[in-house]
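Here is how names work: the chains are called A, B, and so on, in the same order as the sequence lines, proteins then strands, and each is numbered from 1.
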Amino acid sequence: MPDLGADVVARLRAAGVERGGFVGLALRDGLGVGFAAGDAAFGVDAAAPVDVVRTVEDALQPRWVEWSNDVASVLVEGGLRLARCWDIAAVHRLLFGGWRADPARVIAVLSDLPTSGIPAMGQLNLLDATGDDGSDFDNPLRPDGYLRPEWVGGGWADSAERMARWAATALATQAHQQRRLAVLDAPARASAAARSESAAELLCAELAADGLPIDVARAEEIIASFVGPRTSSEADAAAERARRDAEVLRHVPASNDIDLRNPAGVKSLLNRVGVDVPNTRAWRLEPFRDAHPVVDAVLTWRKAERIATTYGYAWLDEHVVDGRLRGAWTGCDGAAGRMTAQAGLHNLPADMRDAVAAEPGYVFVRADLGQIEPRVLAAISGDRQFAAATADDDMYAPVAARLGVERAIAKVAVLAAMYGQTSGNAGQALRGLETAYPVAMEYLRAADEAGRDERDLRTHGGRLLRMWPTPDHLDGRERRAVANARGRFARNAMVQGAAAELFKTWAVTVRARAAVHGARIVLCLHDELLVHAPVAAADTVAAVLDDCLQEAASRWAPDRAVRFVADTSIITRWSDAKP
DNA sequence: ATCGTAGGCGCC
DNA sequence: AAAGGGCGCCTACGAT
């Protein structure tokens, strides 16, 4: 077997790995610990990450272990893209819910120690000085099992021996994790989900480093169309703001003292023209658009103000460098487990999407999952009738036929059932759903009930959904409101969380399979992937995206009763996508 | 001066 | 009576 270890170590060192927090762990024959990691089986190759998922069930294969994706970020910066890993923080979030997953917390939770007892830096120095003889300080763990806080801040990187100990601690933590996976009552899916979620952390590090290709000149045009040209001085900017404000205020006499950026000001402005609203949200103002010209002016102003403040020149200058929009990514939020992104990557206004453009010689291969949440509900609930509807490209059509209602009504009813909505005009169709698809509806009802009763849940992939307590001081009505909110959250999170797991499995499969074609994922958007691919590889990559969906679906839900579909297209600008 | 909250809105 | 879930990010405002 070729010894590539030295080469890998050199590359890790060149990447500043010691400073960045790499746990430096290789698992070889189940025992080896240290930094001499890597041969072909590790897939440590910047040019061609391979097999992120193909070997995902094989827990015995060598696998890099990292405390969190901070490590992956350092490696990516140094030109190293791991094929797969075990991300301790990601697995911790999966198994124990919430978002906090620093090493001290992970170790405490795995050791059944109360997190309230985690020692803080400072007080432990005192304990060490009085209690220990100091020789044991080289052990990252205290006798009581808690992590020594001195090790948290980077003390582990003082020497090669210490780095090895820290690596061994990570290894032990991983072993502990795996034991937990087996003994906890988490579903068997949790083991696969742990690997998928870990790979997603690697993807996050790469997304943050690569960024989303932006046509900066086009972005400037779009911004200018909303808020006017770029200003060179603060005075000019203020004048531009005043000009936009005046366009609204001119509709109402003696209103120059009103601050449009203060909702209360907008409310009083509307009051003066006889429009009385409880708040000034756009959907509430919409019906009054014809009542007085100032309403339309306010709505137009709001849209421009959104561009000016959030997606304007300042945003462009801060987050778009060298034609790439970059922001931090997390593999899961603290609730249902969807990915999150900063710098506006997940909430770019539709009007701005014309500025998202493939670079010369490249195209975007874009694919979004069709009706992902109801299809996921069919899979996780095991409702055979609902699953049968997924055979249709548009599953709302057979559902509507079965309920004897318009498609639009059926769609609203299904969404209402998943989101916990009880108002509106979906009521009749909702009752039809109960009759036609009792298994799926019972699944949602049970989740809702667990949420109301403050009972934690696990998603299909084993993510713990923790229910927050009702504060003691609330009165009866308030308590019911909190319980209702928990019920809605639980009902939705079981579906949304499972959909996120399927999506991430799809994404990391694409990451692995598309790399050899020179293609990279540049955006993940909950049910949509944007892949930057060489023109010559576009058709191949499009096929890869579809193949990967079937592969991911079969891994995520081996029951093939549910059909998953993707709408895939090859485009040069994001705005070319069909709405 | 710094912080958390509320209202608001962008996306899914 | 009744208020759909998640996230990020902006501003104004009131608390500390």
> When you compare B/dC9 with C/dA1, how far apart are their P atoms, in angstrom units rounded to a whole number?
28 Å
> Between the side chains of A/Arg513 and A/Glu551, is the shortest nitrogen-to-carboxylate-oxygen separation below 4.0 Å, so that they form an ion pair?
yes
> Rounding to an integer number of Å, can you tell me how far A/Asp448 CG sits from C/dG5 P?
11 Å
> Calculate the interatomic distance between A/Phe489 atom CZ and C/dC7 atom P; express it in whole Å.
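It works out to 8 Å between those atoms.
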> Looking at A/Glu434 and A/Arg431, is there a salt bridge between them, counting it only when a charged N and a carboxylate O are closer than 4.0 Å?
no
> With sequence neighbours left out, which residue pairs that include part of residues 427-450 of chain A fulfil the ring-ring contact (aromatic ring centres under 6.0 Å, His included) condition?
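Every ring-ring contact (aromatic ring centres under 6.0 Å, His included) pair that includes a residue of residues 427-450 of chain A, provided the two are not neighbours, is A/Phe386-A/Tyr437.
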> So if I take every side-chain heavy atom of A/Gln342 and compare against C/dG6, C/dC9, C/dG4, which nucleotide ends up nearest?
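Of C/dG6, C/dC9, C/dG4, C/dC9 is nearest to the side chain of A/Gln342.
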> Using a cut-off of 4.0 Å on non-hydrogen atoms, how would the nucleic acid contact of A/Ala336 be classed: base, sugar-phosphate, or nothing?
nothing
> Can a side chain N or O of A/Thr280 be found less than 4.0 Å away from OP1 or OP2 on B/dG8?
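Yes.
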> For A/Trp329 and A/His346, take the angle between the two ring planes, folded into 0 to 90°, and tell me which bin it lands in: parallel under 30, tilted 30 to 60, perpendicular over 60.
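A/Trp329 vs A/His346 ring planes: perpendicular.
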> Between atom CZ in A/Arg326 and atom C1' in C/dG8, what is the gap in whole Å?
20 Å
> Nearest-Å distance, CZ (A/Arg284) to P (C/dA3)?
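Rounded to the whole Å, the gap is 14 Å.
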> Under 4.0 angstrom, heavy atoms only, what part of the nucleic acid is A/Gln496 near: base, sugar-phosphate, or nothing?
base
> Would you call the rings of A/His319 and A/Trp315 parallel, tilted or perpendicular if under 30° counts as parallel and over 60° as perpendicular?
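Correct class here is tilted.
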> Across the strands shown, which category fits A/Ala341 at heavy-atom distances under 4.0 angstrom: base, sugar-phosphate, nothing?
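The answer is sugar-phosphate, as A/Ala341 gets under 4.0 Å only of primed atoms, P, OP1 or OP2.
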> Can you list every salt bridge (Lys or Arg N to Asp or Glu O under 4.0 Å) pair that touches residues 260-276 of chain A, not counting sequence neighbours?
A/Asp245-A/Arg261, A/Arg261-A/Glu305
> Does B/dC12 have OP1 or OP2 sitting under 4.0 Å from an N or O in the side chain of A/Arg353?
yes
> Pick base, sugar-phosphate or nothing for A/Ala500, based on heavy-atom distances below 4.0 Å to the nucleic acid.
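It contacts nothing in the nucleic acid.
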> Starting from P on C/dG6, measure out to CG on A/Leu345 and report it in whole angstrom.
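Atom-to-atom, A/Leu345 to C/dG6, this comes out as 22 Å.
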> For A/Thr340 and A/Thr309, find the nucleotide of DNA chain C closest to each by heavy atoms; which residue's nucleotide sits nearer the 5' end?
A/Thr340
> When we call it a touch if two heavy atoms are under 4.0 Å apart, what does A/Arg491 touch: a base, just sugar-phosphate, or nothing?
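A/Arg491: no heavy atom of the nucleic acid under 4.0 Å.
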> Considering only side-chain heavy atoms of A/Arg306, which listed nucleotide, B/dG8, B/dC11, C/dG5, is closest?
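Nearest listed nucleotide: B/dG8.
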> Measure up the A/Trp506 and A/Phe503 rings against each other and bin them: parallel (under 30°), tilted (30 to 60°), perpendicular (over 60°).
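Ring orientation, 0 to 90° scale: perpendicular.
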> From NZ of A/Lys303 over to P of B/dC11, roughly how many Å is that when rounded to an integer?
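Result: 7 Å.
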> N/O contacts under 3.5 Å, protein versus nucleotides 12-14 of chain C?
from: C/dA12; atom 1: O3'; to: A/Asn262; atom 2: ND2; distance (Å): 3.4
from: C/dC13; atom 1: OP1; to: A/Asn262; atom 2: ND2; distance (Å): 2.6

> Determine the contact category for A/Ala343: base if any of its heavy atoms lies under 4.0 Å from a base atom, sugar-phosphate if only primed atoms, P, OP1 or OP2 are that close, otherwise nothing.
sugar-phosphate
> Tell me which one of A/Arg573, A/Arg520, A/Arg324 satisfies salt bridge (charged side-chain N to carboxylate O under 4.0 Å, His left out) with A/Glu359.
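Only match with A/Glu359 under salt bridge (charged side-chain N to carboxylate O under 4.0 Å, His left out): A/Arg324.
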> Any side-chain N or O of A/Arg281 below 4.0 angstrom from OP1/OP2 of B/dG7?
no
> Send over the distance from A/Arg486 CZ to C/dA3 C1', rounded to a whole Å.
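About 17 Å, once rounded to whole Å.
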> When you get a sec, tell me which of C/dG6, B/dC11, B/dC9 is the closest nucleotide to the side chain of A/Asn347?
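Side chain of A/Asn347 sits closest to B/dC11.
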> Any N or O donor-acceptor pair under 3.5 Å from the base of B/dC12 to the side chain of A/Arg338?
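In this structure, the two groups form a donor-acceptor pair.
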> If you check every side-chain atom of A/Asp527, which of C/dG6, B/dG10, B/dC12 has the closest atom?
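In terms of side-chain proximity for A/Asp527, the closest of C/dG6, B/dG10, B/dC12 is B/dC12.
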> Rounding to an integer number of Å, can you tell me how far A/His319 NE2 sits from C/dC9 C1'?
9 Å
> From the options C/dG6, B/dC11, C/dA3, select the nucleotide whose nearest atom is closest to the side chain of A/Arg488.
C/dA3
> Please verify the inter-ring angle class for A/His251 with A/His292; under 30° counts as parallel, over 60° as perpendicular, anything in between as tilted.
perpendicular
